[in-house]
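What follows is a set of notes on a single structure, which appears directly below.
Naming: A, B, ... by sequence-line order, numbering from 1 per chain. Worth knowing before you read on, the calculation uses all heavy atoms, side chains too, and leaves out hydrogens, waters and symmetry mates.
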Amino acid sequence: MAHVKAGAATTVVTHHLTKDYGEARVVDNLELKLKAGEIFGLLGPNGAGKTTTILMLLGLIEPTAGSIEVLGLDPSRHPLTVKRRVGYLPDAVGFYDGMTGWENLSFTAQLNRLGNGDVRINELLDEVGLAEARDQKAGTYSRGMKQRLGIADALLKDPDILILDEPTTAIDPEGVAEILTMIRRLAEERGVTVLLSSHLLHQVQAVCDRVAIFVRGKVVAQGAPAELASRGGGPEEVEFNTSSTDDKVRSALGQAGFVKKLEPARIRGNYVARIDRGSTNKLVSALVNGGVQLDGIRRTSDDLDEVYRRYFHMDDQGRD
Amino acid sequence: MIRVVTEATAVRTNEGFGSGWRVVARKEFADHLLSGRFLVLTAVLAVAAAGAVFAASGGIRSVAVDATGVPALFLKLFTVTTDPVPFPLVVFIGFLAPLLGIMFGFDAISGERSQGTLPRLLAQPIHRDEVILGKFVGGLAVVALMLTALTVFVSGIGIFRLGLFPEPTEVVRLLVWLLVAIIYVGFWQALATLTSILVPRAATSAMIAVGFWLVLTLFGSFIFRAAASVLANPDDQVASIRAELLLSRLSPYTLYSETSTVLLDPTERATGLLTAQQVDRAIVSNLSLPQSLSVVWPQVVGLLALTAALFAVAYVAFMRQEVRA
Ligand SMILES: Nc1ncnc2c1ncn2[C@@H]1O[C@H](COP(=O)(O)OP(=O)(O)OP(=O)(O)O)[C@@H](O)[C@H]1O
Ligand SMILES: [Mg+2]
């Protein structure tokens, strides 16, 4: 049962949000609208301005221009109320090395004036899989363990909004799945609104209701992952596997206009073809009609992946 | 397997804002008490105190043999020394106590940065100024504890080993002196806090603060004399000494020394320069407690002002700084 805590239908709104560092415009007229209870992914390459945006949402950096509303409040004018209701996991999260994981969380609980925080700390440590390491000094934690502790730390105040900056970077694949499942469940069961940033599209696309692709301070595309992908329209990539000779494959596809590019994959007998969107069918019949022994075929490029690459690629060209 | 806590077990108590600095201060206090540097500094202070008390007791015996009715004999425990020990305890404190402030301040903010805890800390519902205030108060509380313990230790030796009993006014003098010493250390802690904000590397921050301390305590008098000779007409001796005195009072070391001299020795009538006329007119008697206090009042205020000003600079520097600088 999903219930919305925050009353307001939108929980984070930015309008013309801009941040300059000297000459450099790091965040450029950003317009965001997060709906209550949704999981929103801010995706972009290194240096896109994700962390800068997040710090502005928390009132920890003054914007150069534009406005922000978090739960209906301006974070730079009501910082305490906002910070009381927003849980934050910084990128490269750190803890006091000399204190145990439990003590670190206890300190956060005290700063948030949480009564009977102790019970909750134990529950959360259990939840993020650190129950065994609770009395171990945080200085001895691995990066992934620190990240898990950071998630527990962000959840401690039972937030209405959860802001996670690169929540999965240091975590092993199994852990990533666990954490994404947990985020999903928080949003569904408790109506927590989640904003997460990442440069790993593959990891987060499945869990996000909506994503914004963010390149050099600008949102270049925004919407539900499926919606963005259908907007793509560019070529897609398939990989097929055959026991026929190279000549045979090339002659079968020689005339096909929908094949933009054909090259052998790393594995012998495998080929990667870039074809027009939606022409997988045509590719298969062209191969079969050409007498090629087709052993297997699969799509290698995700639709959103394509979108993402296109924008990131655009960015690379811009830099040249 | 991850399971979501569906029940909100956290209960928000006390909606009032603005006491987060106490939480920070409490943590800081506990951290320092468990730290290696606390042990080292305690050992250094203990050795200094034992040496000073040993030397002072020798001095006191010889004084007490000479004359009964020496004023404020008890306080001589802190102000008198005899041979192999070069300085009485108050002077030792003047030299060493800055180290306490520096040790408990030099990585106040840079430590948070290097551990990566600053963004997380600032994202909690406390004001940014509460962080720096809490750190300062927590550190200074440890200093206060150490100096108080030291004073009690020395007094205890005076009472139980030497059979000296303090008069009530002597107790008050000692307490005021203790307060002044804590403010004096506060100056150095504010300085170290400032360098911890401006310099990202803790070792560099400590070096700068220690450098300041060495220059001011060891070479301060040369510097002030040189500066005075530039400012005042060198032929007019009184004027140049006055200028030197004035300049030297910009130094917390001078302010502390003058204050402790007058406070702990009722025969000290004034600080600084007395002209022959003033000495002529002065009636030779001991100063009462209120008289001593009124003599050192400007110094105490000056010391407090210096400390507050430095803390204010640190405060502003911290408020203006980037979270992830
Ligand atoms: N204090 C600063 N002064 C000047 N430029 C800065 C400052 N902080 C960040 N920047 C610049 O702002 C840009 C955006 O940085 P930001 O950390 O927001 O990127 P990001 O999207 O979080 O990247 P990453 O994926 O690497 O974490 C970068 O080009 C960075 O160099
Ligand atoms: Mg970042």
Check your understanding: Could you walk me through whether B:E112 and B:T117 pass the side chain to side chain donor-acceptor pair (under 3.5 Å) check?
Key -> CA-CA 5 Å; B:E112 296 277 344; B:T117 46; 2.7 Å; yes
Study note, to complete from the structure: Under 4.5 Å to a heavy atom of chain B? For A:S106 that would be neither
Review point. When heavy-atom pairs shorter than 4.5 Å are enumerated against chain B, which of A:V93, A:V82, A:D153 gives the highest number?
Key: A:D153
Practice item. Count the heavy-atom pairs under 4.5 Å between each of A:T108, A:L55, A:I163, A:D97 and chain B, then report the option with the highest count. Key: A:D97
Point to revise | Ring centroid separation B:H32 to B:F38 under 6.0 Å | key: no
Exercise for review: Applying side chain to side chain donor-acceptor pair (under 3.5 Å), run through B:D107 and B:S196 and close with a yes or a no.
Suggested key: CA-CA 5 Å; B:D107 62 351; B:S196 87; over 6 Å; no
Exercise for review: Please determine if A:D91 and B:R324 form a salt bridge, counting it only when a charged side-chain N lies under 4.0 Å from a carboxylate O.
Suggested key: no
